[in-house]
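Working notes, structure below.
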Amino acid sequence: MIRGLPEEEYFAPGHRACAGCGGALALRHVLKATGKNIVVVQATGCMEVVSSPYPETSWRVPWLHVAFETAAPTASGVARALKTQGKEDVKVVAFGGDGATFDIGFGGISGTFERNENIMYVCNENGAYMNTGMQRSSATPFGASASTMPAGKKIPGKKELKKPVALILAAHNAPYVATASVCDLNDINRKVKKAMAIKGPTYIEINSPCPTGWYCDSAKAIEVARLAMQTRIAPMYEIENGKVTITHDITEPKPVEEYLKAQGRFKHLSPEQIKEIQGQVDKEWAKLKKLQDAGCEL
Amino acid sequence: MAKKENSKPAEKMVFNVGAVIYEPGSTIKNKTGGWRAMKPKIDQAKCIKCGICWANCPDMSVKKNEKGEFEIDYDYCKGCGICANECPVKAILMEIEKK
């Protein structure tokens, strides 16, 4: 154990992720927490492409690649097959990026959670389809420029808000839903271990920086992820049986400008837009706080 | 009604096996160290052995040796610089890679 994290690596080096990839770091730490007694089902996306250039693989656990939209439904099938074989100690983990989770595979995930399947779904959220060239997804933050809607004179960046998938899945009566970030690796470890121990559908969304798509220095990747937490842009909370708990309470938030200025995808923003984003972030935080303090079930 | 020639009874149907990789962790054959433009160097005198560089490496390229010191595995290090940026005592310096 180093820093309270296991030393075993179930994700091998030599993968083709860009230098400073937050997603690869998130995967590495999720696997450290799950251990080897799992079956991974992965949707198409960056983390699938970089980890399985045929005939090589970075995975040291059983791994299946399925179509973009079917990670969660396939995982439920694998979980049921394992149950029939009496191997209920083996957990099925589905991985997907935000494209697979928020857009393309959303119906399948919703069905899986509605059927109360015994799987854990991990979403690597970096806010766009980074693998195919930074196209807009419904996880792209407000104001960001993406290749399918580049900011210019007419379009001031994305005009819509990020889809609140964690809250939507919690509303499916999921026993455990959490958001995490690669800026706190011990927190990822704790949340994944917690989800692993729960029977039923669990969801963990990990905010992970993509230096290539966010247009930031690869060395600053973790620093930018930390800024997302400190500015309340990426709030970290967990929802257990509908009860919201903010795990990282930011009492003195930094202005959102610090986070936005660190990335090229926000460089076009005007002071008015930054003010608007600050307003949205404050509103979202107030909503979470209210949910937490009310103590009622979501 | 003429029977279709290509229709086979179900038990004779053959499913082709898709792409199967039998060797776990086989990307270790791919030495990504060649991508590096900047090279991290750990100053062992300054290092406090906290392991933050080890934990934050996306390429599993910081390793602990028998002496308990952390060292960089240059076979796979892509030179992203996260370790140098996160080091609390600035014991890791990024140098330009000479090839």
Side-chain angles (χ1 to χ4, degrees), chain A residues 1-29 31-32 36 50-66 182-186 188-189 208-209 211-212 217-226, chain B residues 17-40 47-65 68-88 90 92-95 97:
Chain A
M1 298 279 259
I2 304 177
R3 301 190 67 78
L5 299 163
E7 283 183 58
E8 294 83 21
E9 304 284 0
Y10 298 109
F11 195 61
H15 61 74
R16 273 72 158 174
C18 308
C21 177
L25 182 60
L27 273 192
R28 178 189 168 201
H29 283 280
L31 291 180
K32 272 183 189 300
K36 60 182 173 186
V50 301
S51 68
S52 61
Y54 191 78
E56 291 167 15
T57 178
S58 286
W59 299 82
R60 289 174 176 145
V61 289
W63 178 85
L64 269 168
H65 166 225
V66 293
V182 290
C183 70
D184 189 345
L185 301 167
N186 292 76
I188 293 182
N189 191 281
S208 61
T212 313
D217 182 0
S218 62
K220 302 248 187 251
I222 307 296
E223 204 178 304
V224 173
R226 198 175 298 121
Chain B
V17 176
V20 182
I21 307 170
Y22 296 99
E23 198 188 337
S26 46
T27 47
I28 50 165
K29 289 175 201 156
N30 181 46
K31 303 275 160 79
T32 48
W35 298 16
R36 204 167 47 238
M38 299 293 280
K39 189 177 185 177
C47 176
I48 55 166
K49 298 175 180 58
C50 64
I52 287 178
C53 52
W54 168 86
N56 281 290
C57 180
D59 291 290
M60 292 62 83
S61 296
V62 182
K63 287 184 176 152
K64 201 176 182 179
N65 65 15
E69 289 172 341
F70 288 94
E71 45 188 41
I72 312 274
D73 184 350
Y74 293 110
D75 278 351
Y76 302 106
C77 168
K78 292 170 186 161
C80 67
I82 288 178
C83 52
N85 198 62
E86 296 303 308
C87 180
K90 298 287 158 223
I92 306 177
L93 273 180
M94 298 301 287
E95 296 172 347
E97 177 75 51

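Numbered from 1 within each chain, the chains take letters A, B, ... in sequence-line order.
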* Asked: Non-hydrogen atoms of chain A under 4.5 Å away: do they reach the side chain of B:Lys31, the backbone, both or neither?
  -> neither
* Toward chain B, the part of A:Val61 with a non-hydrogen atom under 4.5 Å -> neither
* **Pair B:Lys63 + A:Glu9, salt bridge at N-O below 4.0 Å** => no
* Heavy-atom pair count under 4.5 Å with chain A, highest-scoring of B:Gly81, B:Gly18, B:Cys83, B:Gly25 -> B:Gly25
* Asked: Any chance NZ of B:Lys29 has more than 12 other-residue heavy atoms, nucleotides or ligands included, within less than 6.0 Å?
  -> yes
* Of all of B:Cys57, B:Cys77, B:Gly51, B:Ala55, which one pairs up most often with chain A through heavy atoms under 4.5 Å apart? -> B:Ala55
* Structure fact -> Cut-off 4.5 Å, heavy atoms of chain B, and the answer for A:Pro62 is neither
* Structure fact -> With sequence neighbours left out, the residues meeting ring pair (Phe, Tyr, Trp, His ring centres under 6.0 Å) with B:Tyr76 are none
* Asked: Should B:Ile21 and A:Trp63 count as side-chain neighbours, where that means a heavy-atom distance under 4.5 Å?
  -> no
* Asked: With a 4.5 angstrom heavy-atom cut-off, which part of B:Cys50 approaches chain A: side chain, backbone, both or neither?
  -> both
* Asked: Counting distance only, does the side-chain N/O of B:Thr27 pair as donor-acceptor with the main-chain N or O of A:Pro13 below 3.5 Å?
  -> yes
* What part of B:Ala19 gets closer than 4.5 Å to chain A, counting heavy atoms only: side chain, backbone, both or neither? -> both
* Shortest non-hydrogen contact from B:Trp35 to A:Cys18? -> CZ3-CA, 4.3 Å
* A:His15/B:Asn30 under side-chain hydrogen bond (donor to acceptor under 3.5 Å, both in side chains): CA gap, chis, key distance, verdict -> CA-CA 8 Å; A:His15 61 74; B:Asn30 181 46; over 6 Å; no
* Asked: For B:Glu86, is it the side chain, the backbone, both or neither that has a heavy atom under 4.5 Å from a heavy atom of chain A?
  -> side chain
* Mind checking the CZ-CH2 spacing from A:Arg3 to B:Trp54? Nearest 0.5 Å is all I need. => 9.5 Å
* chain A interface, residue from B:Asp73, B:Ile52, B:Thr32 that has the most non-hydrogen pairs under 4.5 Å -> B:Ile52
* Give, as side chain, backbone, both or neither, the part of A:Leu185 having an atom under 4.5 angstrom from any heavy atom of chain B. => side chain
* Asked: If you count heavy-atom pairs under 4.5 Å with chain B, which of A:His29, A:His65, A:Lys220 comes out on top?
  -> A:His29
* To do: For B:Ser26 and A:Thr57, indicate whether the former's side chain and the latter's backbone hold a donor-acceptor pair under 3.5 Å.
  => yes
* Does anything in residues 55-66 of chain A pair up under salt bridge (Lys or Arg N to Asp or Glu O under 4.0 Å), and if so which pairs, sequence neighbours excluded? -> A:Arg16-A:Glu56
* Asked: Which bit of A:Phe11 is near chain B, if near means a heavy-atom gap under 4.5 Å: side chain, backbone, both or neither?
  -> both
* Could you tell me whether the side chain of B:Ile82 reaches within less than 4.5 Å of the side chain of A:Ser218, counting heavy atoms only? => no
* **Which portion of B:Lys49 sits near chain A, non-hydrogen atoms under 4.5 angstrom** => neither
